[in-house]
Structure formats: structure tokens, C-alpha cells
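Quick caveat, the model's predicted, so the values are computed rather than measured. We name chains A, B, ... by the order of the sequence lines, and we start the count at 1 in each one. FYI, side chains are in, hydrogens and waters are out, and symmetry mates aren't considered; it's all heavy atoms of this structure.
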Protein chains: 2
Amino acid sequence: MASSRPTLADVAAAAGVSVSTASLAFSGAGPIAPSTRDRVLTAAAALDYSGPNPLGRQLRSGRSGIVGVLIGDQLRRSFRDPVSIQMLDGLASTLGPLGFGVLLIPGAADEPPAHLDPLVESAVMDVAVLICGATADDANLATLRRRGIPVISVEGEPLEGVTEVGIEDRVGATELGRHVLGLGHERIAIVTLPFDWQRRSGVASPARLAEIRWEIPRRRLAGLTDAGIAPVAVYETPASLVEHGKTAGHALLSGPDRPTAIIAHSDLLASGVVLAARELGLRVPEDVSVAGFDGLDLPWLAPDVLTSVSQPLAEKGAVIGRAVQALMSGERPEPTTLSMALRIGTTTGPPPTR
Amino acid sequence: MASSRPTLADVAAAAGVSVSTASLAFSGAGPIAPSTRDRVLTAAAALDYSGPNPLGRQLRSGRSGIVGVLIGDQLRRSFRDPVSIQMLDGLASTLGPLGFGVLLIPGAADEPPAHLDPLVESAVMDVAVLICGATADDANLATLRRRGIPVISVEGEPLEGVTEVGIEDRVGATELGRHVLGLGHERIAIVTLPFDWQRRSGVASPARLAEIRWEIPRRRLAGLTDAGIAPVAVYETPASLVEHGKTAGHALLSGPDRPTAIIAHSDLLASGVVLAARELGLRVPEDVSVAGFDGLDLPWLAPDVLTSVSQPLAEKGAVIGRAVQALMSGERPEPTTLSMALRIGTTTGPPPTR
DNA sequence: AACCGACATCGAATCGATTTGATGCAGAGA
DNA sequence: TCTCTGCATCAAATCGATTCGATGTCGGTT
């Protein structure tokens, strides 16, 4: 009593009212005389009571106000990608004012995860957001379903009972591809996001290209094919990081018959390619054109601006936030697909005349 | 019953045992006959029961398994800094296996925050971590104290009842300063982290230098002073971002009597300075030396390696994780101060001979 | 045969709040 | 004066689990 923190019952006793009345004084849900409320609040202040314990409230209401965000990768890697960060910021900004908190659930260090994440199994959450392109055989997804937690999937494949939020990246890729083709390029190479857990690094064989597991590289490659691009090489990277783009750029630009244009599946990869080109003494875009994906502002490339396809990251976060809200009010929100916009920068131009 | 999810009581009824026995079957805390446990687990599987509801467990135990991390800034800005990310990754990696989740609590968009963050006020958490250098007058800190939530403060000022985790950045700054002085530099400029909520941009006046509110720039400046550096200019930036470093670099290196060395309070700022120097046609380190703080790997500067003072970011996260664990077992963990290590890269050298 | 201890199981209290339905009281209308 | 209405208040049930203390049963010891 003296040692532990005061409870609503203590406050009610001190104010000389019942627990229910004290509850009403805090929640305001129900009729209460102003004088009584004041008395309760005064007693609470005197006891240094900091408001109703959220645990009790949660048990009663069945709501925790927590949105679990499954990163599907280690934070270290995932959060070096501004794409994740900006979306998460948009999400947190939308959710915060609604009283929701974001619980980070990082992926396992071993890939594919051998054991289920204990947090997915046991953490309290009202809604889960898979921000990593979920697939149907995802073990985490199965667990969330069993627990009865509504799921929002970002850029994943369409799944039964899951709210989708996506971007038109296939269309965006096609636009980007058409832009590059329109400049007159014929020898075009592609630097892709990882195909699966293997996260290989190197030029992908036709066999490898036929077994792309993850949705995002598949869609973006398909979009480029739609544009009519027949790449001279498709280079797979282990993650969307500058250094992997650099490695790919060196590999693609060092050999004979180098491509005149390189299209990367992310701006981070593309910026690595630009850096590699510069290191090799190649001018961008005079000697080689480079295009990316996402539409980020990359200060270290300035004054160059990457040609890219912009996705509305903050809006993506906001859309997810609204979907969370809708799920909490018992609605089944519609799947949303956000459009992308071609951004022509300074890193693409006509191919060199030889 | 049929509509809502099954509870432990339903499982117990189906298995023909009491609720307490069913609880024992799941928790394993107490003697139970293997046959009985099997019966309960079978009944649970038949009912599609996914294990005890964490809300109920939490109310009883008073523990939520959630660690609140107060970012103290917008995610967007804060997470563009690899320092925060890597530390957060270390923290999440340590906490995850212990069954703790990380709840992100972003700072308000308006600065200083006019209203209290509702999450600080009401979110469930066992421990709060202030990763942004807390000051004594922090409103969030007061709220957390009132709620009786133990607080861990990273790189903040020493505060009553708060567990400190810090780095020896004052000492590190001194080592870095000695290194630069030892090379023979006399005209040294400093690019600092923001002094307070105002987040000004530009050369700081002596008056301004006397009223630094935030701990980190104050300590790092003090460390450089300890080394015997009397800077020709101290340039304050609004945030630790590449573009702000670039702005500062342009301002400091464009005028007459430019400094021969620039020391920045973060690697991100320092890398901006390097980029600015390159844009101005200055060679690093032949024309100007640049040093940073944190010891990050910045792929876009390669093959250059920034001279810097490394802090053990992953270890910092791990130390915080262990402090959380200690606080949960009722101990009062000792404050920890991690040491830094001078890393001499390729961006510092002797001053140009004129 | 009486007793004791170990062990499995159960009933009931507990955690801290919300919420429903009941109660009491005051003022208005007949 | 009696009743009816409306409002403030309260007692008790509820949310879903954990845990303490009690009960019952069985085997073994003296």
C-alpha cells in the first residue's frame, strides 16, 4: 500500500467515492458532478496517482493501442534504407496522434528464420504490419492469423484476409524503362534487389531468374520487361545498400562491352553504381546513364540528381495508419495501391556515340 | 463464445480440468502430470487456442515486456543518422532474445514540444530509454518519474534516479583534437551538433557559445578545448545530417583565410564537409583536413576513410539491454561509460605549406 | 493399522481498471 | 401530497490470466 503505487481504488477511498465514480472522473464516460470530479482529481494529485494504469484498461477493453511492425530483417540493414525509415516515420506520425504506438519486431538474424520470433508469438498488439513484402508461406503470417491479429501487408503478394498497401512499381518500372529506351540505349543492365533468403551477389543466370521468390524484384523486373527491355545482364545484390550497388557497378562497368545504361531497383543501389562509375573514371551520364527507384534525396550525390521513380513514402505510411484505424473500428479496409511518378534527373542521357 | 476467441477457461473446460491446471500446463510453473498436460494441449489445439492471452498475464505479473525508446526527435531525421540506427539495432538484438519488445516513441513535430506526448503519458512500458541526451527539465522525464517507470538515459547529464549509459566523448574529443594539433594545424574550425531546440545554422557568437543547452555538443566542445584548440570558427548546425555538413563546409571553406582543418561533431557532418571541399576543388587532406566523430563506415566517401573517434555502437545497445534486464530484476544497475578509440583515416594530414 | 510426505489438482483471491444495471435523491408536475 | 423524471452515485460483474493455500490421493515407513 505505502510501498506500491496507488490504484484507482486508493484514490476513490481517499476521495470518499466508489471506484466506479473515480473511474468516471478520469474517463469522462458518463454523468458526473463537477464537484465530485474535482474531489477525485484532487485526491489523485495528493496521492501522486498518475492516472489509470493502462494494463487494467487494456484487459477490460481488449485493446492495447500497439501496432506491431515486422521488419523482416535486421534493423541494422533495414534501417540503413531511407525507404523503410521514411515510411515508418509517416506511419508513426499518423498513428501517434491516434494514440497508437509502434512496436518494432526485427527479423531473425538467421535467414530464413529457423525458429519463430518470440515477439510475434507473444507480444501484445492490435494490428500487425508486414513492411517487407510478405509471401503466403510466411511463418510469422501463420502465427498472426492463429492469434487472430489483423494483418496489413506492404508491397506483398495478395493474400487471403490481409489488407494490402502497395505501390504501382510495375507500372513505374515500365515508365522508367521507356524513358531509358527513349534516350536510345540498347545495352542496358539491371541491378536488382535480392531474390530470396539466399541474398546472392552476382550476375543472375536464366535459371536463377526463373525462381525469384520475393515479390518486389519480380514486379520491378516484370515492369522493365513490359517496357521492352532485354537486359544484357541482371545483377542480383544481397540488400539495398550503397556498397552493394558499388560492387555491382564495378562488376558491370569494368568488363568489355559495358552497358550504356544501368537501371537499379533502388536509389541506394543506383547511387552505389554512380559512385563506382566515378571511381572508374566514367562520366555520368555522358559515358553511362544510371537510373534508380524510390525517388530519394541523396545528399552525397549532389549536385547530381538521380533519375528515378518516386514513391510517396510519407503517404504510404499515412495510408497504413488509416488502415490500422479502420481495422480497429472493425471495418475491412480496401486494398490501396499508390501511384509512382517518373523523376528525370541528371544521371540519364543519350548513350555515348562510338 | 463461438464468436470470440477461446480463453484458458474454455480450454480447461474442454480438457475437463480446472483453469489453474490448464494454466500450469502452459506455463510449466508447478507440478503437473504429463498425461494431464497432453490432454490440455490437445484440447487447446482442437479449439485453435493460441496460448495464454498476454494481456491477462501482464495484468497479473505487472510486466509488459515492452521497453519504450524515446527518440526525442522525428523518426525521419533521427533515423537518417546511422548512430541511432546501429545503437537501436544493438538494443533490439539484445532485448529480443530476452522477450522484450521495443516501442518507438517519436518526439513531437513542434519543438520544444508544446504538449506531452500521449504515448509517454499512457503507453504500457516496463522501462523507458531516452536515447537523446536528456536534460533535467525534460517534461517526458517528469512524466515517466510520476508513472514510476525506471529510466535509462543515453549520453544525458547525470540525473537523480536515472541509469546512465554514456561514452567518453569528452576524452575522445580531446584525443582527436591532439591528433589534429599534432599534425601542425593552427587554423581549426569546428562544426557542431545543435545547441538547443532552436537548431540554428551558422557561425556561433561567443554569447551563443555560452548558452549551449544540450549536453553532447557541450561535452565535445569541452573536449576539444581540453586538447588546447582555440577554434577560428564554431559553426552550429540544425541536425546531424550530410546536407548540413555540406552547408557548413561551404561557408567555412569559401571565405578568405580558410581553416586548414575542420573537426565535426559527427561523421555525417564531417562527410558533408568533405563533399563541400571536393565541390570547391579542394583536395582532402592536402588542402584541408577533415575529422569526424562516431567512427561510421560511410560507403559514399570510399576510398577515403574519415579520421574519427569510434564509439562502440552495438555494444552501447547491448549495455542498455543489460541495464534493462537488471532493472527488471529489481537491481539498480551501475552507470556505464564506454570508451572511444581514435581512428586515423585518410582525411587528415599536415596543413598545406604556404 | 496408523501415519506421514510427496505430488497432482483444484478453488478462490488477485491484478487494476471499465461498464452495466440498480439505487437513492432532488426537483418538477399533477 | 404523491408520483414521475432525470441525474449522480454505487455495487457488482467482467476482462483473462497467475498463484497461493487447501484438498485429496497414493505410496511407503514404522
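- dA17(C) atom C1' lies 12 Å from atom CZ of Phe26(A), rounded to whole Å.
- Side-chain N/O atoms of Ser18(A) include one lying less than 4.0 angstrom from OP1 or OP2 on dC10(D).
- Of the residues Thr163(B), Thr94(B), Val127(B), the one that meets the side chain to side chain contact (heavy atoms under 4.5 Å, CB included) test with Val324(B) is Val127(B).
- When the side-chain nitrogen and oxygen atoms of Thr21(B) are compared with OP1 and OP2 of dC10(C), one or more of them lie within a distance under 4.0 Å.
- Remark: C1' of dT18(D) and CG of Leu59(A) are 12 Å apart, rounded to the nearest angstrom.
- We find the OG-CG distance between Ser93(A) and Leu88(A) to be 9.0 Å, quoted to the nearest 0.5 Å.
- A salt bridge does not link Glu157(A) to Arg213(A): none of the charged side-chain nitrogens sits closer than 4.0 Å to a carboxylate oxygen.
- Of the candidates dA17(C), dT9(D), dA17(D), the closest approach to any side-chain atom of Thr36(A) belongs to dT9(D).
- Between the P atom of dT18(C) and the CG atom of Leu55(B) lies a distance of 14 Å, rounded to the nearest Å.
- Atom CZ in Arg147(B) sits about 12 Å away from atom P in dA17(C), given to the nearest Å.
- Counting to the nearest Å, the P atom of dT9(C) and the CZ atom of Arg39(B) are 7 Å from each other.
- In terms of modelled atom types and a separation under 3.5 Å, the side chain of Glu155(A) and the main chain of Ile167(A) share no donor-acceptor contact.
- Considering only side-chain N and O atoms, Tyr49(A) lies nowhere under 4.0 angstrom from the phosphate OP1 or OP2 of dG16(C).
- With hydrogens and angles ignored, no donor-acceptor pair under 3.5 angstrom links the side chain of Ser23(A) to the base of dA17(C).
- Atom CG in Leu8(A) sits about 13 Å away from atom C1' in dC15(C), given to the nearest Å.
- Contact annotation: side chain of Ser20(B) to base of dG11(C), donor-acceptor pair present below 3.5 Å.
- Residues Glu315(A) and Arg322(A) are not paired through a salt bridge, judged by the lack of any N-O separation under 4.0 Å between the basic side chain and the carboxylate.
- In terms of phosphate contacts, Arg57(B) brings a side-chain nitrogen or oxygen within less than 4.0 Å of OP1 or OP2 of dT18(D).
- One can place CG of Leu24(A) at 14 Å from P of dC7(D), the figure rounded to the nearest angstrom.
- Checking Val17(B) against Ala29(A), the closest nucleotide of DNA chain C that is more toward the 5' end is the one next to Val17(B).
- Computed from coordinates, the Arg37(B) CZ to dC10(C) P distance equals 15 Å when rounded to whole Å.
- Two residues, Arg60(B) and Ile32(B), neighbour DNA chain C, and the one matched to the more 5' nucleotide by heavy-atom proximity is Ile32(B).
- Note on Pro31(A): a base of the nucleic acid sits closer than 4.0 angstrom, heavy atoms only.
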